[in-house]
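So that the names make sense, note that chain A is the first sequence line, chain B the second, and so on, each numbered from 1.
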Number of protein chains: 2
Amino acid sequence: MLTETEARYLLFLYRRQEEEGREVGTVALAREMGVRPATAAQTLRKLAAKGLLRYRPYRGVEFTPRGRREGRELLRKHRILEFLLWGVLGCDPRTACREASSLLSASTSLVDSLCRALGHPSTCPCGKPIGRCGGR
Amino acid sequence: MLTETEARYLLFLYRRQEEEGREVGTVALAREMGVRPATAAQTLRKLAAKGLLRYRPYRGVEFTPRGRREGRELLRKHRILEFLLWGVLGCDPRTACREASSLLSASTSLVDSLCRALGHPSTCPCGKPIGRCGGR
DNA sequence: GATAAAGTTAGGTGGTATCTAAATTTAAAC
DNA sequence: GTTTAAATTTAGATACCACCTAACTTTATC
């Protein structure tokens, strides 16, 4: 459904905008993603076309319910993986965060198994909350 | 360096050809990869262009030293991940194999950490040998 | 040698991610 | 209120990737 790039953008936006409550504009998004503003805008349009964001030109984006669900799920995946890398493998939090990003292709059911095996941890290495596990 | 598809082809070829010693032709490769022979041939050419295979038209492929190293590494990654999913998370071997394939984007250093944390297991769930860990 | 199977090549399609250049809108300064 | 700077958007181009079909070539078999 989502390409890898789209997922990366959506996760970033979710973290900033829905969890931290900080608005993020196209230029700032582009800077974080390491691309030009035009590129970021195009990805926003694509995410909107897939029904995950509402995109009003010049006014910014807001999450649709589906987008919120998807973003929450991506963030949960990321944090469970971080927890694994840090708590079990002994990575430092920074490494854990970086490496977790390269594992986001893990399926939801795998992450659920992982969550169970780790005893349903409630926070990631930096103390941010890990959401609810589907299998609980 | 390698695209995801190229890595998938190389891993398959390595397993069949270098580990099991069974030659695999273009048509058979294509069938396994779920594509047409022309597509498989194109990927072989790309792997050759990247210096991992020697490709002699109509005569088949053989691994270069670099290709062998790369293939061995991919196979080790796969088996360590399988071991994790099966031995720690309780997946059945079939699921472990499938899910491991979706995690091959993991970095070598991460897989090394994982290997260490798992006590340097010597075989994957189906009993095949896991190669040497760089950090040992 | 004829033929079937395997393999190859050329050329085309569709999708993704990126860019530049040019327009537009917004917001802030005067 | 106008001007101006910054943010944003759009259009159009490029490059790469993975796949395909169609047509050709080689190899091996009878």
In whole angstroms, how far is the [atom2] atom of [N] from the [atom1] atom of [X]?
X       : N      : atom1 : atom2 : result
A:Glu23 : D:dT8  : CD    : P     : 11 Å
A:Arg36 : D:dA7  : CZ    : P     : 14 Å
A:Glu4  : C:dA17 : CD    : P     : 9 Å
B:Arg8  : D:dA18 : CZ    : P     : 8 Å
B:Gln42 : D:dC17 : CD    : P     : 10 Å
A:Met1  : C:dT16 : CE    : P     : 11 Å
A:Leu44 : D:dA7  : CG    : C1'   : 13 Å
B:Leu2  : D:dA18 : CG    : C1'   : 15 Å

Margin query: Under a 3.5 Å cutoff, is there a donor and acceptor pairing between the side chains of B:Thr95 and B:Asp92?
Written below: yes
Check: Below 3.5 Å, does any donor atom in the side chain of A:Tyr58 face an acceptor in the base of C:dT24, or the other way round?
Finding: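 In this structure, the two groups form a donor-acceptor pair.
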Closer than 4.0 Å, any side-chain N/O of [X] to the OP1 or OP2 of [N]?
X       : N      : answer
A:Thr39 : C:dA17 : no
B:Thr3  : D:dA18 : yes
B:Lys46 : D:dA18 : yes
B:Arg45 : C:dT9  : yes
B:Tyr9  : D:dC19 : yes

Item checked: 5′-ward residue of the pair A:Thr43/A:Arg59 relative to DNA chain C -> A:Thr43
Checklist line | Donor-acceptor under 3.5 Å (A:Thr64 side chain, A:Gly51 main chain) | finding: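 A pair under 3.5 Å: yes.
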Note to self: So does B:Ala96 get a backbone contact from the side chain of B:Glu99, meaning a donor-acceptor N/O pair under 3.5 Å?
What the structure shows: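 Flag not set: sc B:Glu99 to bb B:Ala96 has no pair under 3.5 Å.
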Of the options [options], whose atoms approach the side-chain atoms of [X] most closely?
X       : options                : value
B:Val27 : C:dA6, D:dA18, D:dT8   : C:dA6
B:Thr26 : C:dG7, C:dC19, C:dA17  : C:dG7
A:Ala38 : C:dA21, D:dC19, C:dA17 : C:dA21
A:Tyr55 : D:dC19, D:dT8, C:dT26  : D:dT8

Margin query: Any heavy-atom pair between the side chains of A:Leu52 and A:Tyr9 that's under 4.5 Å?
Written below: no
Next item on the list: Would you mind reporting whether B:Leu74 and B:Tyr14 have side-chain heavy atoms less than 4.5 Å apart?
Entry: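 The answer is no; the side chains never approach within 4.5 Å.
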